[in-house]
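What follows is a single structure, written as structure tokens, with notes after it.
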Amino acid sequence: MKPSIPKGTRDFGPAEVIKRNYIFDTIREVFVRYGFQPIETPAMEDLATLTGKYGEEGDQLLFKVLNNGDFLSKADDQALQAKDSAKLVPSISKRGLRYDLTVPFARFVAMHQNDIPFPFKRYQIQPVWRADRPQKGRYQEFYQCDVDVVGSESLMFEAELAQIYDEVFQKLGLKVVIKLNNRKILAGMAEAAGLSEDRFMDMTIAIDKLDKIGMDGVKQELSKRDISAEAIEKIEAMLGTTELEALKSTFAASKPGLKGIEELETVFEYLNMGPTYNTIQFDITLARGLNYYTGCIYEVAVDLEAEGQENIKMGSIGGGGRYANLTENFGMRTNGSGVGVSFGAERIYDVMEELSLFPEDKANTLQLLFIAFDEKAHRYAFKALQQARAAGINAELYPDPARVRKQMKYADQRNVPYTVVIGDREMESGELAFKNMVTGQQENLQLNAIIDQLK
RNA sequence: GUGGUUGUAGCUCAGUUGGUUAGAGCGCUGGAUUGUGGUUCCAGAGGUCGCCGGUUCAAAUCCGGUCUUCCACCCCA
């Protein structure tokens, strides 16, 4: 059989795993410093937990897990006859793979509400699955790194999450733009433009594309979605706004609009109390598709104006927002408002790789390879190997006393900086042949001296 | 989910209007070199041409299906 893996999934070799861990470790370190604690949830959730939370589009992208046993005998016969897949699913699948980490977290909080302290601050680094068509930087299995806090409406957390973004990307050496908006401001826009409530989604989807298709494209998109020319004109005028202050008069008659402005002003008030490394800006065109967001929303993009980053082509590398009602779905009675952001580790990886931002790895690499000339020397070397490891040196012994040429070649492939060759002469004198693989120079030293040099 | 694109040796890729036994570079194995890798030279191994079916005297090549890759939508990290 020919080996293969499912579409949109990947294997990772040692070099990749080490780099991925570098990203995860950096992110985790910042999360921990802000007081967040780790949790994990299952790869599978009840399908009912997942459906309806991400909009119609999201439901289509959910991976469903087929029931075990004789699932067809229990299937909805009518749907089966009619070949109606959507209708058939509930009767043959009761579980699905998680689509993100936020919904499982909301479920977790509601389920354990009597056992956890509020506000509950957690982080979670686990894979998620989407049945999307793969492209570059878009996979069916990928990791998300989420931080969320539930049980507080304080806007301090909105500010802290932006600071976390800022700090993580500073540590990773990547310049980004952190964009902030508020769903209430979008609602205000819809209201000010005289749109009915059911047109709200259409409007946000269209304006979200502004930087991609331009103002004319957005206007086309809006009219295609049955939005009147008059409303489009008003929306266009509002989209030109980059300052919160300027929106106040526009939203004079819109309560949610004014509330959104007030919230963002408070967030920026917190943020302006200290320095930030990256650009953090209000962006009225930021919409985000996920249905459950109610307040502030975030998105992070690579800063294309930063030196060396001009040609990076990558979608958003992080996003998030406040969800006031999500936990209610799972029976949270009070205090269930949450806010959180997510890091797209895979895309961050791709960008960092393209910019060569990964530091050379020291902790995870082999420092020393022992090479033995014959069986007797191999035993001798095994003992020396233990001493080197006991001293904290990452060391290996070639498994057989093969030809030195072959062992040297292996050392070369493994990129080991130093080797020790042991044969009769070395065992007799106690001085081992210690070779620097970069310069090719070799000297005879006692094992202790070699260990000292590598420590 | 819609439209397009890709697949030939471990890797990167040639392969003519369909026509002998499908090639190259790199890598791999062995030798030059029985105590030393990276350079050089010599030799060798390695292929169900993604998979299934069809057209044809004859298919890597043409046709259909399918899987995969990448791209544009949709959406998104």
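Letters A, B, ... are given to chains in the order of the sequence lines, protein chains preceding strands, and every chain is numbered from 1.
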*Would you say B:U68 has OP1 or OP2 under 4.0 Å from some side-chain N or O of A:Lys7?*
yes
_Regarding A:Gly8, tell me which of base, sugar-phosphate or nothing describes its non-hydrogen contacts under 4.0 Å with the strands shown._
sugar-phosphate
*Identify, between A:Gln140 and A:Ala131, the residue whose nearest nucleotide on RNA chain B lies closer to the 5' end.*
A:Ala131
*Please work out if A:Gly137 contacts a base, only the sugar-phosphate, or nothing of the nucleic acid, heavy-atom cut-off 4.0 Å.*
base
*Atom CG of A:Asp59 to atom P of B:C76: distance rounded to whole Å?*
13 Å
*For B:G1 and B:G19, measure between their P atoms and round to the nearest Å.*
38 Å
*Write down the distance between CD (A:Gln124) and C1' (B:A77), rounded to a whole number of angstrom.*
15 Å
*When rounded to the nearest Å, what value does the distance between C1' atoms of B:U8 and B:A14 take?*
10 Å
*Starting from P on B:G37, measure out to CD on A:Gln441 and report it in whole angstrom.*
16 Å
*Is a side-chain donor-acceptor pair under 3.5 Å present for A:Glu263 with A:Asn182?*
yes
*When the distance from CZ of A:Arg133 to P of B:C67 is rounded to whole Å, what number comes out?*
10 Å
*Could you please name the partner base of B:A60, counting Watson-Crick and G-U wobble pairs only when both distances are under 3.5 Å?*
none
*Using atom CH2 of A:Trp129 as one end and atom P of B:C75 as the other, report the distance to the nearest whole Å.*
25 Å
*Do we count A:Phe142 as stacking onto B:A77 if the rule is ring centres under 5.5 Å and planes under 30°?*
yes
*Between B:G35, B:A77, B:U69, which nucleotide gets closest to the side-chain atoms of A:Pro134?*
B:U69
_Measuring only the C1' atom in each nucleotide, how far is B:G64 from B:C75? A whole number of Å is fine._
32 Å
*Identify the residue among A:Leu271, A:Val341, A:Val267 that makes a side chain to side chain contact (heavy atoms under 4.5 Å, CB included) with A:Glu158.*
A:Val267
*asked:* Distance check, P atoms only: B:G50 and B:U61, in whole angstrom units.
replied: 8 Å
*Do A:Arg133 and A:Gln135 have side-chain N/O donor and acceptor atoms under 3.5 Å apart?*
no
_What's the closest nucleotide to the side chain of A:Arg130 if the choices are B:C75, B:C74, B:C76?_
B:C76
*Using a heavy-atom cut-off of under 4.0 Å over every strand shown, decide if A:Ser342 touches base, sugar-phosphate, or nothing.*
nothing
*asked:* Between A:Arg20 and A:Glu16, does any side-chain N to carboxylate O distance fall below 4.0 Å?
replied: no
*Rounded to whole angstrom, note down the C1' distance from B:U66 over to B:A58.*
26 Å
*Of A:Lys224, A:Arg225, A:Lys209, which meets salt bridge (charged side-chain N to carboxylate O under 4.0 Å, His left out) against A:Asp202?*
A:Arg225
*asked:* Counting only heavy atoms not in A:Glu310 (residues, nucleotides, ligands), do more than 12 fall under 6.0 Å from its CD?
replied: yes
*For A:Gly440 and for A:Glu299, locate the closest nucleotide of RNA chain B by heavy-atom distance; then report the residue assigned to the nucleotide nearer the 5' terminus.*
A:Gly440
*Report the nucleotide, chosen from B:U36, B:A77, B:G37, that has the shortest atom-to-atom distance to any side-chain atom of A:Tyr139.*
B:A77
*Write down the partner of B:C26 under the Watson-Crick or G-U wobble criteria, each distance required to be under 3.5 Å.*
B:G10
*Give one of base, sugar-phosphate or nothing for A:Val300, where a contact means two heavy atoms less than 4.0 Å apart.*
nothing
_Can you measure A:Asp424 atom CG to B:G35 atom P for me and round it to whole angstrom units?_
10 Å
*For residues 397-421 of chain A, which residues have at least one heavy atom under 4.0 Å from RNA chain B?*
A:Arg403, A:Val404, A:Arg405, A:Met408, A:Lys409, A:Asp412, A:Gln413, A:Val421
*Interatomic distance where CD belongs to A:Gln144 and C1' belongs to B:C76 [whole Å]*: 10 Å
*Start with the C-alpha distance between A:Phe343 and A:Tyr143, add both sets of side-chain angles, then the distance that settles ring pair (Phe, Tyr, Trp, His ring centres under 6.0 Å), and finish with yes or no.*
CA-CA 9 Å; A:Phe343 288 77; A:Tyr143 271 74; over 10 Å; no
*Would you say A:Lys209 reaches B:C75's phosphate, i.e. side-chain N/O to OP1/OP2 under 4.0 Å?*
yes
*asked:* Just to be sure I understand the rule, does A:Ile205 reach a base, reach only the sugar-phosphate, or reach nothing, if contact means heavy atoms closer than 4.0 Å?
replied: sugar-phosphate
*Does A:Gln135 make a side-chain N or O approach to OP1 or OP2 of B:U69 shorter than 4.0 Å?*
no
_Could you tell me how far B:U20 sits from B:G27 if I compare only their C1' atoms? Round to whole Å._
30 Å
*Rounded off to whole Å, could you give me the CZ-to-P distance for the A:Phe373 and B:G35 pair?*
3 Å
*Relative to A:Tyr277, does A:Lys175 satisfy both conditions: NZ or CZ under 6.0 angstrom from the six-membered ring centre, and within 45 degrees of the ring's axis?*
yes
*asked:* Please report the distance separating the C1' of B:G7 from the corresponding atom of B:U48, rounded so that it comes out in whole Å.
replied: 15 Å
_Atom P, compared across B:A9 and B:G46: separation rounded to whole Å_ = 15 Å
_Quick one, A:Val149 and A:Phe120 - any side-chain contact, counting heavy atoms below 4.5 Å?_
no
_Ring centre gap for A:Tyr349 and A:Phe358 strictly below 6.0 Å_ = yes
